Amino acid sequence: MVLLYQTLDIVIAGILAGVTTFALATVAPNVAVSVGVLAAGLYYFSRNPWGGNGEEVNEAIDDVYARLLRR
């Protein structure tokens, strides 16, 4: 299960990087990829880079992963 959770983390981080890069490319094309990679890295390495109740957020994400993978 841990491998599947990590795979989902990578897929979500990739989607986050792509969406961020695409959204910023129209406004600031010179930094769009850097910000996208930064956002993906923040998600992948901490899943809650914006502070607050990190353990509760990570548990909620794990619950969503568990529900998605059971189907």
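Model, not experiment: these values are computed from the prediction. In what follows, every heavy atom counts, from backbone to side chain, and hydrogens, waters and symmetry copies are set aside.
A heavy-atom distance below 4.5 Å is found between the side chains of Y43 and I61.
Residue pairs meeting the salt bridge (charged side-chain N to carboxylate O under 4.0 Å, His left out) criterion with at least one member in residues 15-38: none, sequence neighbours excluded. For residues 19-30, no pair satisfies salt bridge (charged side-chain N to carboxylate O under 4.0 Å, His left out), with sequence neighbours left out. Note on residues 12-22: no pairs pass salt bridge (charged side-chain N to carboxylate O under 4.0 Å, His left out), not counting sequence neighbours.
Residues that satisfy the side-chain contact (heavy atoms from CB on, under 4.5 Å) test with I15, not counting sequence neighbours, are V11, V19. Residues forming a side-chain contact (heavy atoms from CB on, under 4.5 Å) with L8 (at least two apart in sequence, or on another chain): Y65, L69.
Across all non-hydrogen atoms, the minimal contact from A40 to A17 is CB-CB, 3.7 Å. Annotation for G36 and T21: closest pair CA-OG1, 3.7 Å, computed over non-hydrogen atoms.
Distance check: L68 CG to L4 CG gives 11.0 Å after rounding to the nearest 0.5 Å. Remark: L16 CG to D9 CG distance equals 11.5 Å, nearest 0.5 Å.
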Extract all donor-acceptor atom pairs below 3.5 Å that involve side chains of residues 22-35 and protein atoms in other chains or at least two apart in sequence.
residue, atom, partner, partner atom, Å
T26, OG1, A23, O, 3.3

